Amino acid sequence: MNAPKIKHALPVSRAANFAVWYQEVIAAADMAEESGVRGCMVIRPWGFGIWERIQALMDARIKAAGVENCYFPLFIPLSYFAKEAEHVDGFAKEMAVVTHHRLIGDGKGGLTPDPDARLEEPLIVRPTSETVIGAAMSRWIQSWRDLPMLTNQWANVVRWEMRTRMFLRTSEFLWQEGHTAHADEGDARAETMRALEMYREFAETVLAMPVFAGEKPENERFPGAVATYSIEAMMQDGKALQAGTSHYLGTGFAESMNIRYQDKEGGHALAHTTSWGVSTRLIGGVIMTHGDDDGLQLPPAIAPQQVVIIPMLRDDDGDAAVLDYAKVLAGEVKALTALGEPVRVLVDTKATKAQTKRWDYVKKGAPIIVEVGPRDVASGNVAVIRRDALYKDDGKLNSSILPRTDFVGQVPALLESIQSNLFTEAAARRDAAIVPMADWKDVAAYFKGSEDAIKGWAQVNWARPTGAALDAVVEKLKTLKLTIRNAPLDYPTPSGSCVFTGSPAVETILIGRSY
RNA sequence: CGGGGAAUAGCUCAGCCCGGUAGAGCACUGCCUUCGGGAGGCAGGGGCCGGAGGUUCGAAUCCUCUUUCCCCGACCA
C-alpha cells in the first residue's frame, strides 16, 4: 500500500476523532454555530438552506397525502399536559416553564421577574404538541364525517436536554409534527405506517441515507404511545441515529383530550390518533452519513446550490469577460431540470480569492463546483470538480476540463449520478457493518471494550419479551452501552430462538450504540 | 443533577503563580508582487480582560460574591 498523500480540507479526520470531526464540518461548512444560549444554535444560511430544502420536499409529500398544515401555540397550559399521565411522566423532566409575564428592576441595575406578575397557571414551552392539538381536535371533531382529520405543523419545540450536540440534540429544534385522528384502529395504524414509509422513502431518495423502518421495542416507545415506529440510519462511526418516528397513540390521548365522535349508528366513540415527526436532526444525519475528511457532501436534492460557478478574477481588465462567461454558463445551467426541479446554480462573485472559494464550497459540500478563468473564456471550456470524486488516484485534485456545451449537457445526469452514488456508498458501508449473531455471548464479545472501534450493529432474533424480562434485557444491553434500534419491517420472520430469552423468535431486531 | 474546565480583539488562545501603559496567530482594511491545490511582503484598524463588590498609590492579575457557556456521566427527535 502506498496511498497518495492528500492534503485534506479539514484539520481533523473522521478516523482520528469522529466527534471533533463532526463539529468541524459544521463550522467549516458555515452551517451553524453556538449561540451563547445553552444548548441552542444559530443556524446559518447554508445550514438553513438545507433545512428549507428538506422542508420543501417533505411538505410536498405531506400535502400529497392529504394532510393540511396549521399552526398551534408555542405555549401549552400546564393543565393540558397533566391530563395524560404517561405523557407528562415522559417529558416532565425536560420542560421549559413560563411562570411570569413581567420584569422589574432588581435595584442593582438588573432585571428580575416581577413577583406580582406570576401566572395563575404556568405555561409550558411545547416539547411536542399532542395535547394542544388534541384539544383543538376535540372541538373540531363531532361526527364520523369529520374523520380522518389529518393535520401537520412546522414548528420549533423545546426539550431541556441535559446533554446537547448541534443538530443532533439541541434544546430548541425545528421539526414537523403530524397529528391525525381516525375513526378506528385500522385506519389510524394505516396512517402510522403511511407516515413511516413516507420517511423511509424521503430518507433514501432525498437524503440518500439508507434506513431501516421498523417498530421500536416497548421500552423505547414514545410516552403515551401504543406503538412507536422509527427509521434508523447508521452513521459512519457505526452508531445509530433515530431519524424519524411515527406513533400509533391508540385512544389514550383521545380520552384525555376528549376527542369523541358520533358514529353512523348514533353511538359515541373515541378517535384513534397518531403523531409523526422529523426534525433538524436529519441534517446531523446527512453530515455523518455523507461527510468526509474534506467536509460536508450534500446529496444534490437538498443542496441549497447544486452547481457553484467560481469566476477566477484577477482584478484586471480580463475580469469582465470572465464574469460574462460565468453568467452565460449560469443561465444555461439554470434552464436545466434535474431530479425533477430546476437546477440551482450560483455564481459566486464575492471579491475573495477563487482558490479560497473553491475550498469553501468543497467544505460546504456543493455537489458540482465549476471554475472559469481567462483560459476557459478563450477556449470555451470549464473546469469541473465533482464533490463525490474530489481526488484522482495520484491524490491530486480531480478537476476535469470540458467544453462548456458538453458540461451543460451533462449536468442533470451528473447530479442524478451523485445523488445515487451517495446512497449506494452509504448503503454498502452500512450493510458491511451489520453482523447477524445467534448468541448473546457473541454479541457481548463483539461489542466489549470497543468504545472507539466502528462496530456497527448486531442483527439478532427476538421473542419480544415484556415486563421484567424486557427490563433485564435492557439492563444487560446497557452494560455494553447498547440499545435495541428497531425490528425492521422488511426482515422476514426468523425461525431460530431469541438471543436473550431462548424462546422462539418472532422478529429480528438490530442492536447498536446510538446518538 | 454529579464531576471537570472556561470566560481577555470577530475567532483560537497567551498573559495571572510573582499587581506597574493590553499581547500573538488567524480573520479584517489598504498598497505592492502573485494567481487553475487554500500565496507572500509592507503598513493599518480593532478590547470597559463576563458582571458586582473589596484590598492597593496602582488590579486582566490578589480576595469575596455572582452570571453564563463548554466538556464527561443518568434522559431524548
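Treat the numbers as computed from the prediction; the structure is a model and nothing was measured. Letters A, B, ... are given to chains in the order of the sequence lines, protein chains preceding strands, and every chain is numbered from 1.
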Roughly how far apart, to the nearest Å, are [N] and [M] at atom [atom1]?
N     : M     : atom1 : result
B:A9  : B:G50 : C1'   : 15 Å
B:C11 : B:C70 : C1'   : 16 Å
B:G44 : B:C18 : P     : 38 Å
B:C65 : B:C76 : C1'   : 36 Å
B:G20 : B:U61 : C1'   : 11 Å
B:G46 : B:C26 : C1'   : 14 Å
B:U8  : B:A43 : C1'   : 26 Å
B:G41 : B:G23 : P     : 22 Å

d([atom1], [X]; [atom2], [N]) in whole Å:
X        : N     : atom1 : atom2 : result
A:Gln242 : B:A77 : CD    : C1'   : 7 Å
A:Met166 : B:C70 : CE    : P     : 10 Å
A:Glu161 : B:C72 : CD    : P     : 15 Å
A:Trp175 : B:C76 : CH2   : P     : 14 Å
A:Ile26  : B:C70 : CD1   : P     : 14 Å

Side-chain (A:Arg314) to main-chain (A:Pro374) donor-acceptor, under 3.5 angstrom: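 Checked: no pair found.
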
Tell me if a side-chain donor or acceptor on A:His179 pairs with a main-chain N or O of A:Met137 at a distance below 3.5 Å.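 Not a single qualifying donor-acceptor pair exists.
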
[N] phosphate, OP1 or OP2: any side-chain N/O from [X] under 4.0 angstrom?
X        : N     : result
A:Lys478 : B:C75 : yes
A:Gln355 : B:C35 : no
A:Lys353 : B:A39 : yes

If B:U61 has a Watson-Crick or G-U wobble mate with both distances under 3.5 Å, name it; if not, just say none.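 B:U61 is unpaired by these criteria.
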
Check for me whether A:Lys455 meets the cation-pi criterion with A:Phe447, that is, NZ or CZ under 6.0 Å from the six-membered ring centre and within 45 degrees of the ring axis.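 No.
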
Side chain A:Arg358 and base B:G36 donor-acceptor under 3.5 Å: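 No.
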
With a 4.0 Å cut-off on heavy atoms, is A:Arg281 in touch with a base, just the backbone sugar-phosphate, or nothing at all?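 The residue A:Arg281 makes base contact.
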
Which part of the nucleic acid, if any, lies within contact of A:Ala9, taking any heavy atom under 4.0 Å across all strands shown: a base, the sugar-phosphate backbone alone, or nothing?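 Counting heavy atoms under 4.0 Å across all strands, the contact made by A:Ala9 includes a base.
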
Straight-line distance of A:Leu123 CG to A:Leu78 CG, nearest 0.5 Å: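 Interatomic distance, A:Leu123 CG to A:Leu78 CG, rounded to 0.5 Å: 8.5 Å.
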
Salt bridge or not between A:Glu232 and A:Lys216? Use side-chain N to carboxylate O under 4.0 Å.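 Yes, A:Glu232 and A:Lys216 are salt-bridged.
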
